[in-house]
Every structure is written in structure tokens, then in C-alpha cells.
There are 2 protein chains.
Amino acid sequence: MRADARRNRDRILEAARDAVAELGADAPMALIARRAGVGVGTLYRRFPDRSVLLAALAEQYVHELLDSIDRAVAAEPDAWAAVRAFVVYSVEKGRGAIAAALAGTSAPQARQALVQRLDELVRQAQADDAMRSDVGTDDLMELLNVFACHPGIIPERFLSLMLDGLERR
Amino acid sequence: MRADARRNRDRILEAARDAVAELGADAPMALIARRAGVGVGTLYRRFPDRSVLLAALAEQYVHELLDSIDRAVAAEPDAWAAVRAFVVYSVEKGRGAIAAALAGTSAPQARQALVQRLDELVRQAQADDAMRSDVGTDDLMELLNVFACHPGIIPERFLSLMLDGLERR
DNA sequence: TCCTAAGCGGAATGTCAGTTTCCTGTTCTA
DNA sequence: TAGAACAGGAAACTGACATTCCGCTTAGGA
């Protein structure tokens with residue numbers, strides 16, 4: 001792959017991430033191309049259609065989240081605190097539609113890796129009696145989606161509200 | 001207004017309510033007409049454009065919610081219990097996009113009446129020390145919107161989770 | 001019963017936003 | 001420096017909707 005081609009590919013991915021976060025999974029391809037400073041033709045050569053682009057985005061997103069879990073665990077020996085930190089990170093990251101795409105068809109195995117990793121943490125937090133035990137990891141993912149799908153609308157205090165709700169009474 | 005016309009108008013409103021709840025504020029007019037068992041022409045005679053239809057829907061929705069507040073208050077002398085009951089009702093009702101439309105331009109005065117009525121209840125609940133005081137009525141409306149915009153996705157236990165989060169610790 | 005204004009359906013038309021193709025000119029890199 | 005890979009973007013295509021229009025139907029009063 002030629003150096004310039006690689007550069008363009010990266011730019012496209014970046015622009016797509018922003019555009020999708022902002023406009024949803026059906027953000028216009030032409031807009032993505034424009035924002036990447038690239039022609040539509042170039043976009044289509046790299047990503048033959050929208051679903052391929054979305055899958056690439058989803059994969060990238062999962063890796064970011066996995067990293068954020070690792071960081072949270074490293075910084076917080078306490079599992080519940082790590083869960084909180086992860087939730088805050090992922091909501092702030094706010095790549096709503098990407099997360100939604102994740103829930104859909106694209107990159108199912110990547111999603112699974114994420115859920116699995118998060119699940120360890122959740123179980124630990126629950127074993128520590130720090131977190132409600134009637135809410136599972138899947139529920140948590142769903143809640144994250146909901147929050148992620150309303151970027152800008154949800155002030156941080158809703159986050160704390162949700163986190164408080166998750167805590168063991 | 002002829003009896004058959006009236007009947008059709010009601011059917012249209014009903015179909016529109018469902019379609020908008022399901023597909024969002026830009027649900028196809030043709031779909032609404034079909035579901036109402038009516039031709040598009042008929043739909044357009046009653047509601048010259050989409051915004052008129054949406055406004056009618058919003059108004060109807062506000063009345064339902066106001067009634068539900070009255071019922072909740074009648075059934076629950078305790079303000080916080082009434083708030084909970086109202087929230088449960090309105091989320092179950094789940095007319096997501098209609099609520100969103102409400103937040104938008106259509107029927108601003110109707111919305112205000114609702115907020116005002118709800119606000120009394122919220123203040124009372126807070127005065128009773130039963131509800132978090134760092135969350136206001138507007139926030140509550142927003143939360144409702146978020147929930148309402150994810151019909152089917154949100155199981156009831158999220159509701160209790162949110163309500164627990166709202167409670168005074 | 002008959003008349004007619006009100007009402008109806010839905011094909012036809014217009015519009016628009018996006019997608020995708022394709023061809024010409026440009027840029028790497030061996 | 002050749003030539004393969006790449007870029008750009010105009011243009012054709014697509015499909016989904018909104019909206020109009022008009023010939024036919026019907027409610028309901030006289």
C-alpha cells in the first residue's frame with residue numbers, strides 16, 4: 001500500500017468516526033470524504049461500501065474501550081471504581097452510533113471480547129457487594145448505548161445518577 | 001364535519017401516533033395513511049403538512065400525561081410516589097418521538113403546562129426529602145425523553161434503576 | 001328519493017439527498 | 001523515468017418521500 005494511500009485511509013477513518021458520532025450511522029459518504037479532505041472516489045476505493053467502513057470503525061472503537069478498561073483496572077484496584085471509570089470514559093467518548101453499530105451486525109467477535117472483559121469486572125464488583133446484582137453486563141452495555149446515542153443531551157449528572165442507581169444500596 | 005370524515009381523522013391520528021412512536025417524527029406520510037386505512041389524499045386534506053399532524057399528536061400526548069399526573073396524585077398522597085408512578089406511566093406509554101417533537105417546536109404552550117404541573121410534584125418530593133435535589137423537572141423531562149426514545153430496548157428494571165438513582169440517599 | 005357538497009383514493013409528478021461509477025489527470029516508487 | 005497505483009470530482013443513477021390532482025363515491029339534508 002502506497003504511503004499516500006495509507007495516509008488517506010487514516011484520515012477517512014478519523015473523519016468517519018467524527019461524522020458518525022455526530023450524524024449517526026448513515027452520515028453521508030460524501031460528507032465523510034469532504035471532511036477527510038479526499039474525493040468520494042478515494043473513499044470508495046478503500047471502503048467498497050458503508051458496512052465495511054462501519055465495521056472498521058467498530059473494531060477501532062472496541063480496541064479503545066478495551067484499552068480504557070485496562071487503564072481503569074490499573075488505576076483502580078477496586079472493581080466497582082474501575083467499572084465507574086470505564087463507564088465515564090465510554091460515555092464521554094460518546095461515539096454513540098458507532099456503539100450502536102457494534103450492537104448490530106458489524107464486528108460481532110470484537111464486541112464479544114469487550115463484553116467478556118467487562119463481565120469479569122462486573123462480577124467482581126458484585127461479589128464485593130458494591131454493585132447491584134440484578135443488573136448484568138449486557139444491561140450495562142445497553143445503558144451505555146442509550147447514553148451514547150444522546151450525545152450532548154445528557155449532562156454528566158445523569159451519569160452519576162445512573163451510576164448511583166447501579167450501586168448497591 | 002361529516003361523520004365519516006371524523007372517523008377517518010381519528011384513525012389517522014391513531015395510526016400516526018403508533019407510526020411516530022415506532023419510526024420517529026419522519027415516519028412516511030404514506031405509511032401513516034395506509035395504516036389508517038385511508039388514502040394519502042385524505043391524510044393531506046386533514047393535515048396540510050407534517051408539522052400540523054405532529055402538533056396535533058403532541059397536544060393529545062400532553063393531555064394524556066396531564067391526566068396521568070392527576071391519576072397519580074389521586075392514588076398516591078405521597079409526592080415522590082406520585083412522581084414514580086408518573087414516570088412509569090409515561091415511559092410505558094413510550095411515545096418516544098412524540099415526546100421529542102414536544103421538546104421541539106410544536107405545541108410549546110402545551111408542553112409548558114405539563115412541565116409546570118410536574119414541577120409542583122417534584123418540588124414537593126424534594127421538600128419531603130424523598131428525592132435528589134440536584135435534579136430538576138427539566139432534567140426529569142430529558143430523562144424521560146431518553147427512555148422514551150428507546151422503546152423496547154429498555155427493560156423495566158432500568159426504570160427502577162433510574163428511579164432509585166433519583167431517590168435521596 | 002334525489003341532489004350535491006363534502007369526502008375519498010391513489011396514480012402521477014416533482015424533489016431531493018445520497019450512492020456509485022468512471023474517466024482524466026497526478027503521484028509515488030522501483 | 002516508466003508505469004502502476006492513486007486521487008478527484010463531475011455526472012448518472014437510485015430510491016424514498018412529499019404533495020398535487022382529478023374522477024369517482026357517499027353522507028345526509030330537503
Side-chain angles (χ1 to χ4, degrees), chain A residues 1-58 95-98 100-101 104-107 149 151, chain B residues 1-59 95-98 100-101 104-107 149:
Chain A
M1 192 167 183
R2 246 164 65 173
D4 54 344
R6 156 116 260 138
R7 208 164 35 240
N8 280 332
R9 186 180 191 279
D10 291 347
R11 277 191 198 152
I12 289 172
L13 237 22
E14 198 181 323
R17 204 181 48 200
D18 292 347
V20 167
E22 201 173 305
L23 268 21
D26 47 5
M29 297 296 258
L31 176 74
I32 293 173
R34 184 150 20 93
R35 288 202 189 169
V38 137
V40 258
T42 304
L43 170 51
Y44 273 90
R45 188 162 324 96
R46 293 299 152 224
F47 304 96
D49 66 47
R50 163 175 251 97
S51 71
V52 175
L53 179 59
L54 247 33
L57 246 32
R95 305 305 192 181
I98 302 178
T105 50
S106 42
C149 289
Chain B
M1 192 166 185
R2 244 165 64 172
D4 54 344
R6 157 115 261 138
R7 207 162 38 240
N8 281 331
R9 186 179 191 280
D10 291 346
R11 277 191 197 153
I12 289 171
L13 237 23
E14 197 181 322
R17 204 182 49 199
D18 292 346
V20 167
E22 201 173 306
L23 268 21
D26 46 6
M29 297 295 258
L31 177 73
I32 294 173
R34 186 151 16 97
R35 289 202 188 171
V38 138
V40 258
T42 304
L43 171 50
Y44 274 90
R45 188 163 322 95
R46 293 301 153 219
F47 304 96
D49 66 48
R50 162 175 251 95
S51 71
V52 175
L53 179 59
L54 249 32
L57 246 31
E59 190 141 342
R95 304 306 192 183
I98 302 177
T105 50
S106 44
C149 288

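- Between the CG atom of D26(B) and the P atom of dC17(D) there is a distance of 9 Å, given to the nearest Å.
- Rounded to an integer number of Å, the gap from F47(B) CZ to dC8(C) P is 12 Å.
- Distance, D10(A) CG to dA7(D) P: 12 Å, rounded to whole Å.
- To the nearest 0.5 Å, atom CE of residue M29(A) and atom CZ of residue F47(A) are 9.0 Å apart.
- Nucleotide dC28(C) holds its C1' atom 19 Å from the CZ atom of R9(A), rounded to whole Å.
- Here the side chains of R35(A) and L31(A) are in contact, with some heavy-atom distance below 4.5 Å.
- In this structure, the nucleotide among dA18(D), dT20(C), dG8(D) sitting nearest to the side chain of V38(A) is dG8(D).
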Distances under 3.5 Å between protein N/O atoms and the N/O atoms of nucleotides 1-7 of chain C, please, pair by pair.
from	atom 1	to	atom 2	distance (Å)
dA6(C)	N3	R2(B)	NH1	2.9

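- Looking only at side-chain heavy atoms (C-beta outward), N8(B) and R46(B) stay at 4.5 Å or farther from each other.
- Distance CZ (R34(A)) to P (dA7(D)): 19 Å, rounded to an integer number of Å.
- Within 4.0 Å (heavy atoms only), A33(A) reaches no atom of the nucleic acid at all.
- Residue I12(B) holds its CD1 atom at 5.0 Å from CG of L43(B), rounded to the nearest 0.5 Å.
- The nearest whole Å value for the distance from the CG atom in L54(B) to the P atom in dA18(D) is 12 Å.
- Here CG of L57(B) is found 10.5 Å from CZ of R50(B). Values are rounded to the nearest 0.5 Å.
- Atom P of nucleotide dA10(D) and atom OH of Y44(A) are separated by 16 Å, given to the nearest angstrom.
- Between V20(A) and L53(A), every side-chain heavy-atom pair lies at or beyond the 4.5 Å cut-off.
- Residues I32(B) and A15(B) approach most closely at O-CB, 3.7 Å, considering heavy atoms.
- The residue among D49(B) and V40(A) whose nearest nucleotide of DNA chain D is located toward the 5' end is V40(A).
- Distance L31(A) CG to dG18(C) P: 9 Å, rounded to the nearest Å.
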